[in-house]
**Q** 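There's a structure below that I have some questions on.
All heavy atoms count here, side chains included; hydrogens, waters and symmetry mates do not. Just follow the structure's listing: the first ligand is 1, and inside any ligand the first atom is 1. If you read the sequence from its start, that first residue is 1, and numbering goes on from there.
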Amino acid sequence: MTDSLTIRDNRTGEEHEIEIVDGTIRASDLKKVGGLATYDPGFVNTASCRSAVTYIDGDKGVLEYRGYPIEQLAEHSTFLEVSYLLLNGELPTSDQLGQWTHDVTHHTFLHENIKSLMTGFRYDAHPMGMLMSSVSALSTFYPDARDIADPDNRYLQITRMIAKMPTIGAFAYRHSQGKPYVYPNNELSYCANFLSMLFKMSEPAYAADERLVKALEVLFILHADHEQNCSTNAVRSVGSSQVDPYSAVAAGIGALYGPLHGGANEAVLKMLRRIGTTDNIPGFIEGVKAGKEKLMGFGHRVYKNYDPRATIIKKACDDVFAVTGVNPLLKIAQELEKIALEDEYFVSRKLYPNVDFYSGLIYEALQFPPEMFTVLFAIGRTPGWLAQWQELVVDKEQKIARPKQIYTGHRTRDFVPMSQR
Ligand code: ACO
């Protein structure tokens with residue numbers, strides 16, 4: 001048996017042999033079949049790159065970063081260690097982790113003009129809009145970031161971005177609260193410092209509950225990468241023009257903002273609140289089945305069995321609620337999940353809770369307003385975006401992203417003067 005595909009073009013009777021490599025054929029090889037192209041809205045069955053960062057088996061519910069199962073990383077690792085793993089391909093030694101932690105920690109401060117830029121937003125500005133604009137603005141503060149061919153330079157920009165993301169996110173939160181921005185405390189760990197920048201008031205040092213710090217580490221780890229999802233695809237697509245990484249990541253933040261992607265956990269909370277009591281669940285489910293709306297936090301393009309992140313998050317819920325008290329919406333979520341998992345509509349479509357179904361409940365228990373949920377997702381996803389961006393930059397096979405179209409409009413026609421329209 002050869003690894004190839006024989007295509008018979010019934011229009012001409014000609015046969016063409018096309019090589020199969022890694023379970024794929026090259027779309028450009030189809031050109032020789034009478035100029036054929038593929039049509040794939042949403043890239044449902046198209047590989048856009050080779051990547052060694054994250055492996056997902058959607059049918060089996062497997063998620064691995066650089067070969068390490070997400071369950072083990074969530075249990076034993078920290079977010080910065082996982083970031084190092086994603087970016088470098090291997091877990092760090094103690095010295096490497098020490099250096100990496102030092103480098104990230106010493107880039108947490110923002111230029112004061114970024115702070116001024118942020119104070120210019122309206123009091124009710126969505127923090128994702130503030131995050132996207134501020135990250136984009138960083139490209140003007142670090143014009144050296146355009147030198148993407150230099151590995152040392154890439155390292156510097158990657159460090160800066162992972163370091164500054166929580167600071168920008170926290171400033172955006174404080175802005176919405178009308179509270180003074182809190183500067184980073186470099187004595188604290190990545191997540192403890194983030195909580196300090198969010199919640200510190202007049203106390204000399206803010207000490208977050210260690211269990212909440214751990215929960216945040218786990219949440220960030222779960223969100224750190226997810227191969228070619230919508231926002232990563234945006235980062236790669238924009239990055240393929242060889243723009244600086246701040247501009248590419250700003251595009252990723254824009255993609256993540258949407259309710260079908262990172263905005264889903266915010267939508268889940270709104271949905272649960274609207275449902276209000278468990279009595280209203282059957283009526284709500286009927287509405288979903290009638291196509292009136294979606295059950296937010298359910299379904300996934302890749303996971304058709306279960307989302308392994310959802311299982312870990314459910315456990316993190318228990319840990320957080322032990323500190324903060326149970327979120328009353330949890331009962332509605334659990335009942336909704338139970339009913340949906342038994343319902344033929346959801347079973348036949350392989351719709352299971354995704355990572356966002358429970359993450360919003362934890363975030364709310366940690367006292368984040370819903371608008372901040374996607375910001376938390378963005379902070380967690382930043383090392384993944386950057387690992388994928390770096391992979392793209394050094395990948396000789398990559399070209400500027402430029403899909404084809406099937407043109408459905410008019411063909412050549414003469415301009416009609418205004419008086420004749
Ligand atoms: N509620 C109700 N029906 C759904 C849902 C849902 N959440 N998700 C999919 N379906 C239905 C679709 O209507 C479709 O039904 P049909 O065959 O009768 O037309 C079928 O299930 C297949 O769904 P598709 O839309 O083809 O699946 P796709 O892979 O394109 O979409 C997506 C995946 C966008 C995640 C979708 O399931 C969805 O919108 N879910 C709700 C939003 C959400 O939770 N997003 C978070 C994703 S995880 C993340 O980004 C971190």
**Q** Would atom 22 (C) of ligand 1 count as contacted, meaning some protein heavy atom under 4.0 Å?
**A**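 Not a single protein heavy atom is under 4.0 Å away.
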**Q** Would a search of protein heavy atoms around atom 18 (O) of ligand 1 find one under 4.0 Å away?
**A**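 Yes; the ligand atom in question has protein heavy-atom contact below 4.0 Å.
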**Q** What I want to find out is whether Arg50 reaches Glu391 closely enough, with some N-O distance under 4.0 Å, to be called a salt bridge.
**A**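 No, no charged N to carboxylate O under 4.0 Å.
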**Q** Does Val355, backbone or side chain, put an N or O under 3.5 Å from an N or O of ligand 1?
**A**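 The answer is no, given that Val355 and ligand 1 share no N or O pair closer than 3.5 Å.
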**Q** Among the heavy atoms of Phe357, does any lie under 4.0 Å from an atom of ligand 1?
**A**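 Contact check Phe357 vs ligand 1: negative.
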**Q** Without swapping roles, check the side chain of Lys31 against the backbone of Ala27 for a donor-acceptor pair under 3.5 Å.
**A**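 No, Lys31 side chain to Ala27 backbone: no donor-acceptor pair under 3.5 Å.
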**Q** When you look at CD of Gln367, are more than 12 heavy atoms from neighbouring residues, nucleotides or ligands closer to it than 6.0 Å?
**A**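 No - once you tally the heavy atoms of other residues, nucleotides and ligands closer than 6.0 Å, there are 12 at most.
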**Q** Nearest heavy atom to atom 3 (N) of ligand 1: which of Tyr345, Tyr303, Phe346 does it belong to?
**A**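 Comparing heavy atoms across Tyr345, Tyr303, Phe346, the nearest one to atom 3 (N) of ligand 1 lies in Tyr345.
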**Q** Nearest protein heavy-atom contact for atom 42 (C) of ligand 1: which residue, which atom, what distance?
**A**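 Checked against all protein heavy atoms, atom 42 (C) of ligand 1 sits closest to Met296 CE, 3.5 Å.
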**Q** Does Lys338 NZ have over 12 foreign heavy atoms under 6.0 Å away?
**A**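 No.
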**Q** Quick one: does Leu260 get an N or O within less than 3.5 Å of an N or O on ligand 1?
**A**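 In this structure, Leu260 places an N or O atom under 3.5 Å from an N or O of ligand 1.
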**Q** Determine, for Asp57 against Lys60, whether the closest basic-nitrogen to carboxylate-oxygen distance falls under 4.0 angstrom.
**A**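 So Asp57 pairs with Lys60 through a salt bridge.
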**Q** Would you tell me which option among Asn354, Asp356, Val302 has the nearest heavy-atom contact to atom 49 (C) of ligand 1?
**A**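 Looking at heavy atoms only, the winner is Asp356.
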**Q** Taking 4.0 angstrom as the limit, do Lys214 and Glu217 come out as a salt bridge?
**A**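 No, no charged N to carboxylate O under 4.0 Å.
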**Q** Report the member of Arg301, Met271, His261 with the shortest heavy-atom distance to atom 33 (C) of ligand 1.
**A**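 Among Arg301, Met271, His261, the closest heavy atom to atom 33 (C) of ligand 1 comes from Arg301.
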**Q** Between the side chains of Arg154 and Asp147, is the shortest nitrogen-to-carboxylate-oxygen separation below 4.0 Å, so that they form an ion pair?
**A**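 Here Asp147 does not pair with Arg154 in a salt bridge, since their nearest N and O are not under 4.0 Å apart.
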